[in-house]
Amino acid sequence: MLYYIGAISLILIGLYAVLVKKNLLKIVIGLAIVDSGLNLLFIAIGYVKNATAPIFSSESLTADKMVDPVPQSLVLTAIVIGLAVTAVALGLVIRLYDHHKTLDINKIRQLKW
Amino acid sequence: MRKAVAILLLGIFGYYFASIFLSLPFGEKREGVGKHYLENTISETGSVNTVTSIVVSYRGFDTLGEVTVLFLASTGLGAILFDVRRKKRNEQNASPIVRTTSTVFYPMIILLGAYVFVHGHLTPGGGFQGGAIIATGVLLMFMAYRKFEANHTLLSVIESLAGLTFVTVGLTGLIYGGSFLVNFLPLGTPNDLVSAGVIPIIYIAVGFKVGAELTVVLDDMLKTIR
């Protein structure tokens, strides 16, 4: 239970940064925090009490004492996609800084909401 | 004002989001597709690491798409930063301690990355993780030596060959096994280094591809520092 609450609060903290912060770099960091929160939430869904990692490295390990492997492999995908999103977002921030000489979204007029 | 609106919105969102998850049972065994994977991974794919067998074998087509997304991100980043005025980086190197340590650690980090992706079907790890470790080694060299340059021609050749290997293995499976990315090689003994058919081949290719792509991303970012 506590794992769900922790992961969801991480997602909310990231979304708060995206909504409130004025600095573009902080917004990108907020997106990265949302990403980590979602990954933790997925791993928490797959957790089974008193179970181990889903790797049959010795004979004594059996399938009914292992956590669900599906969320883990989905998170493996999500981490890579999150990295790609962060890299492209940072590239766009570099271009915006180049053009406007500022990272403040209030001074970049086209981005006002 | 804006902060209050944001907190209110997030409070409502968080309440409903959390109430969905708090009604889910936590830490209990679930029947379903995960159970099938756990019980049949050794007999069907020969890989003892169930996560690897799902990523490379059961959901191999998805991984091909994922590798494509990473490729598009690194190409897109290069296109976005293409005509940014490239300023020469600061000429001053890091301190002698950092330089000596990174020269010693650089080959070891590359070796660790190679170990992680070669043993992807036996231990926790795999192509994506190993590639990321290799890229951190290159980042260490970038930070220690200002004149350290990544060879872009070599990197793009490695990247293209690795992607080609993935697709070729998939198409060979289509010819010999009847469907794309099917495991057409003998499965071998579980827990051996050479086992699990095509899974190590695909994961080694993914490792090289991810390492090359992340190095290109780091290089693009570093060259635009002003």
Side-chain angles (χ1 to χ4, degrees), chain A residues 1-5 7-9 11-13 15-20 22 41 44-51 53-59 61-81 83-92 94-95 97-98 113, chain B residues 2-3 5-7 9-11 13-14 17-18 21-22 24 26-30 32-35 37-39 41-42 48-55 58-59 62-63 66-67 69-70 72-74 76-78 80-81 84-85 122-124 126 128-129 132 190-191 210 214 217 220-221 224:
Chain A
M1 273 319 162
L2 213 59
Y3 295 94
Y4 287 155
I5 294 169
I8 289 171
S9 19
I11 294 172
L12 293 181
I13 289 168
L15 282 176
Y16 177 79
V18 173
L19 284 175
V20 170
K22 303 276 169 58
L41 191 63
I45 292 171
Y47 179 70
V48 175
K49 281 201 179 82
N50 299 321
I55 300 172
F56 296 89
S57 46
S58 81
E59 295 290 329
L61 296 167
T62 49
D64 57 339
K65 276 282 167 205
M66 283 181 179
V67 298
D68 196 345
V70 182
Q72 296 200 8
S73 42
L74 291 181
V75 164
L76 187 59
T77 311
I79 290 173
V80 176
I81 305 300
L83 182 125
V85 167
T86 312
V88 174
L90 284 175
L92 288 173
I94 292 175
R95 284 316 300 254
Y97 183 78
D98 233 37
W113 65 289
Chain B
R2 218 166 67 142
K3 275 185 189 174
V5 172
I7 290 173
L9 274 176
L10 289 176
F13 173 69
F17 201 41
F21 276 94
L22 294 183
L24 281 181
F26 176 71
E28 281 170 27
K29 276 210 81 61
R30 291 196 182 83
V33 69
K35 190 169 144 70
Y37 288 153
L38 279 174
E39 281 167 356
T41 171
I42 293 180
V48 291
N49 186 342
T50 317
V51 176
T52 298
S53 72
I54 294 173
V55 166
Y58 293 112
R59 298 173 59 88
D62 183 47
T63 305
E66 183 188 356
V67 168
V69 168
L70 197 58
L72 282 178
S74 100
L77 188 68
I80 289 168
L81 298 177
V84 174
R85 272 170 292 124
L122 303 177
T123 55
F128 296 101
Q129 296 91 323
N191 271 317
V210 172
L214 293 188
V217 166
D220 280 340
M221 291 278 186
T224 48

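Per chain, numbering begins at 1; letters A, B, ... match sequence-line order. All figures in this text were calculated on a predicted structure; none of them were measured in a lab.
With a 4.5 Å cut-off on non-hydrogen atoms, B:Phe128 touches chain A through its side chain but not through its backbone. The part of A:Tyr4 that comes within reach of chain B is its side chain, from C-beta onward, which places non-hydrogen atoms under 4.5 angstrom from that chain. Of the two parts of A:Ala87, the backbone and the side chain both hold a non-hydrogen atom closer than 4.5 Å to a non-hydrogen atom of chain B. Only the side chain of A:Leu83 comes within contact range of chain B, with heavy atoms under 4.5 Å apart. Looking at B:Thr41, the atoms closer than 4.5 Å to chain A (heavy atoms on both sides) all sit in the side chain, from C-beta outward. Heavy atoms of A:Leu41 lying under 4.5 Å from chain B belong exclusively to its side chain. Residue contact with chain B, scored on non-hydrogen atoms closer than 4.5 Å, involves the backbone and the side chain of A:Ala44 alike. No part of A:Val85 comes within reach of chain B, as not one of its non-hydrogen atoms sits under 4.5 angstrom from that chain. Looking at B:Val217, only its side chain comes within 4.5 Å of chain A, counting heavy atoms on both sides.
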Next on the checklist: Apply side-chain contact (heavy atoms from CB on, under 4.5 Å) to residues A:Ile94 and B:Met221 and explain how you reach the verdict.
Outcome noted: CA-CA 9 Å; A:Ile94 292 175; B:Met221 291 278 186; 4.0 Å; yes
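Summarising the geometry, atom OH belonging to B:Tyr37 is positioned 7.5 Å from atom OG belonging to A:Ser73; distances are rounded to the nearest 0.5 Å. Between the CG atom of B:Leu77 and the OG1 atom of A:Thr86 there is a distance of 11.5 Å, given to the nearest 0.5 Å. Interatomic distance, B:Leu10 CG to A:Ile13 CD1, rounded to the nearest 0.5 Å: 10.5 Å. A:Leu92 contributes atom CG, which lies 4.0 Å from atom CD1 of B:Ile80 (distance to the nearest 0.5 angstrom).
By the side chain to side chain contact (heavy atoms under 4.5 Å, CB included) test, B:Leu72 is found to be paired with no residue, residues two or more places apart in sequence or in another chain being considered. Under the side chain to side chain donor-acceptor pair (under 3.5 Å) criterion, A:Asp68 pairs with no residue, sequence neighbours left out.
Annotation: B:Phe21, atom CZ; neighbour count of heavy atoms from other residues, nucleotides and ligands within 6.0 Å is above 12.
Across A:Val70 and B:Gly34, no two heavy atoms sit closer than the pair CG2-CA, 3.7 Å.
In this structure, B:Phe13 and A:Leu15 have side chains that are in contact, with non-hydrogen atoms separated by less than 4.5 Å. Contact check for A:Leu76 versus B:Gln129: side-chain heavy atoms found under the 4.5 Å cut-off. Within the 4.5 Å cutoff, side-chain heavy atoms of B:Arg59 are placed close to those of A:Leu74. Residues A:Ile5 and B:Leu22 meet the side-chain proximity criterion, which asks for heavy atoms closer than 4.5 Å.
The choice from A:Thr77, A:Asn50, A:Ile8 that makes the most heavy-atom pairs within less than 4.5 Å of chain B is A:Thr77. With chain A as partner, the option from B:Ala18, B:Ala73, B:Gly11 having the largest number of non-hydrogen pairs under 4.5 angstrom is B:Ala73. Between chain A and the options B:Val69, B:Asn49, B:Thr52, heavy-atom pairs under 4.5 Å are most frequent for B:Asn49.
The backbone N or O of A:Pro54 sits less than 3.5 Å from a side-chain atom of B:Thr50, completing a donor-acceptor pair.
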